[in-house]
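Quantities reported herein were computed from a predicted structural model and do not represent experimental measurements.
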Amino acid sequence: MDPAARARFEELLGWSFQDDEVLAQALSHRSWCAEHTEDAPNERLEFLGDSVLGLVVTDHIYRHYPAHREGELAKVRASVVNAEVLAEIAVEIELGPCLRLGKGEDSSGGREKPSILADAMEAVFAAVYLDGGLEAAWSVVMRLLEDRIGEAATGPGGDDYKTRLQELAAQRFVKLPRYHVRDEGPDHAKRFFATVLLDGEPFGEGIGGSKKQAEQAAARAAWQRVVDAESRVASTVGADDA
């Protein structure tokens with residue numbers, strides 16, 4: 001593994017590994033192990049990491065959202081403990097360049113495949129757990145997922161600001177929101193930049209590790225801008241009436 005790539009990955013992950021072997025296994029896809037039979041694939045670590053991730057997230061939402069019923073808690077957990085979110089996190093922490101892939105998988109873009117990234121992310125959570133214990137794993141999982149959990153727990157549609165903005169725009173504007181998205185960087189570390197337009201005017205911007213993430217961030221900024229503007233108008237009218 002390239003030392004610079006590992007240093008960047010560990011910095012973004014929030015954990016520096018002491019056990020190089022467990023990290024190497026977490027990053028070893030089965031295609032690599034088919035060519036290097038002395039190495040074990042990360043599949044057993046995926047199994048463990050799934051449970052570590054589920055425990056941390058479940059415990060957090062149980063303790064922090066006492067008003068949520070079982071079904072609501074399950075929805076919050078499902079919204080963050082899934083392959084799509086895990087792949088997005090893997091991109092954010094630049095996991096792709098560190099993966100150990102077979103030549104064929106590597107040449108076919110395996111470092112950007114969501115399924116490979118999501119599985120490796122689970123294996124990394126397990127590796128942190130084995131390297132530093134539950135406290136270390138807890139810290140890493142919450143560092144990477146706490147904001148997403150908070151958004152998902154705000155209520156129906158709480159984390160879907162594109163839907164919120166579309167509903168608001170239908171009431172306040174002539175046209176529905178339109179999004180312009182551009183990307184920068186190499187495939188393994190691409191960043192997306194989104195701008196949302198309301199009636200042809202830019203109202204919000206967002207950045208993310210995926211197109212969807214950037215659009216959601218832009219929608220959130222625009223939604224907040226509209227809500228804040230309406231609050232200021234309401235306050236002014238109230239003061240004038242008084």
Kindly write out the residues that satisfy side-chain hydrogen bond (donor to acceptor under 3.5 Å, both in side chains) with [X], not counting sequence neighbours, or none if the list is empty.
X	result
Glu21	none
Gln224	Asp228
Glu122	none
His36	none

Stepwise salt bridge (charged side-chain N to carboxylate O under 4.0 Å, His left out) test for Arg30 and Glu105: CA-CA 10 Å; Arg30 59 179 177 272; Glu105 192 66 70; over 6 Å; no
Where do [X] and [Y] come nearest, in terms of heavy atoms and distance?
X	Y	result
Gly110	Leu101	C-CD1, 3.7 Å
Ala127	Ala26	CB-CB, 3.9 Å
Gly49	Ala126	N-CB, 3.4 Å
Ala24	Ser28	O-OG, 2.6 Å
Ala83	Ala118	O-CB, 3.5 Å
Gly102	Ser31	N-OG, 2.9 Å

Between the main-chain N or O of [Y] and the side-chain N or O of [X], is there a donor-acceptor pair closer than 3.5 Å?
X	Y	answer
Gln213	Glu88	no
Ser139	Ala136	no
Asp50	Glu46	no
Thr58	Leu55	no

Residues in salt bridge (Lys or Arg N to Asp or Glu O under 4.0 Å) contact with Asp106, at least two apart in sequence or another chain: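 Arg111.
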His29 and Ile116: CA distance, side-chain angles, deciding distance, side-chain contact (heavy atoms from CB on, under 4.5 Å) verdict: CA-CA 8 Å; His29 186 254; Ile116 291 178; 3.8 Å; yes
Leu48/Leu130 under side-chain contact (heavy atoms from CB on, under 4.5 Å): CA gap, chis, key distance, verdict: CA-CA 10 Å; Leu48 176 60; Leu130 293 174; 4.0 Å; yes
Please tell me whether [X] and [Y] are part of a single hydrophobic cluster in this structure, the criterion being side-chain heavy atoms less than 4.5 Å apart.
X	Y	result
Tyr65	Leu145	yes
Leu73	Val85	yes
Phe47	Phe125	no
Ile93	Phe192	no
Leu99	Trp32	no

Cluster companions of Leu197 among Ile, Leu, Val, Met, Phe, Trp, Tyr (side-chain spacing under 4.5 Å):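 For Leu197, no cluster forms, as it stays isolated from other hydrophobic side chains.
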Heavy-atom neighbours of Lys113 NZ exceed 12 at 6.0 Å: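 Atom NZ in Lys113 is packed in, count exceeds 12.
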Within 6.0 angstrom of Asp183 CG, more than 12 heavy atoms from elsewhere: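 More than 12 within 6.0 Å, yes.
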Taking side-chain contact (heavy atoms from CB on, under 4.5 Å) as the definition, give me every residue that meets it alongside [X], ordered by chain and number, with sequence neighbours left out.
X	result
Lys75	none
Gln25	Ala40, Leu45
Ala219	Tyr161, Lys162, Leu165, Tyr179

4.5 Å side-chain heavy-atom contact, His68 and Ile61: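 In short, these two side chains do not touch, never coming nearer than 4.5 Å.
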Arg148/Glu92 under salt bridge (charged side-chain N to carboxylate O under 4.0 Å, His left out): CA gap, chis, key distance, verdict: CA-CA 13 Å; Arg148 283 178 168 89; Glu92 291 172 7; 2.8 Å; yes
Pair Leu95-Leu27, side-chain contact (heavy atoms from CB on, under 4.5 Å): steps then yes or no: CA-CA 9 Å; Leu95 176 57; Leu27 301 175; 3.4 Å; yes
Residues 168-177 side chain polar contacts: donor-acceptor under 3.5 Å, at least two apart:
residue : atom : partner : partner atom : Å
Arg172  : NE   : Glu230  : OE2          : 2.4

Distance, nearest 0.5 Å, that separates CG of Leu144 from CD1 of Ile149: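 Here the interatomic distance stands at 10.5 Å.
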Residues in ring pair (Phe, Tyr, Trp, His ring centres under 6.0 Å) contact with His180, at least two apart in sequence or another chain: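 Ring pair (Phe, Tyr, Trp, His ring centres under 6.0 Å) list for His180, sorted by chain: empty.
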Audit row: Glu215, Val196, side-chain contact (heavy atoms from CB on, under 4.5 Å) steps and yes/no: CA-CA 7 Å; Glu215 288 180 342; Val196 59; over 6 Å; no
Test side-chain contact (heavy atoms from CB on, under 4.5 Å) applied to Met121 and Asp119, Leu117, Val124, the passing residue: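 Single pass found, and it is Val124.
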Could you pull out every donor-acceptor pair under 3.5 Å between side chains of residues 1-18 and any protein atom, sequence neighbours left out?
residue : atom : partner : partner atom : Å
Asp2    : OD2  : Ala4    : N            : 3.2
Asp2    : OD2  : Ala5    : N            : 3.0
Arg6    : NE   : Glu10   : OE2          : 3.1
Arg6    : NH1  : Asp20   : OD1          : 3.1
Arg6    : NH2  : Glu10   : OE2          : 3.3
Arg6    : NH2  : Phe17   : O            : 3.4
Arg6    : NH2  : Asp20   : OD1          : 3.0
Arg8    : NE   : Glu94   : OE2          : 3.3
Glu10   : OE2  : Phe17   : N            : 3.0
Trp15   : NE1  : Asp131  : OD2          : 2.9

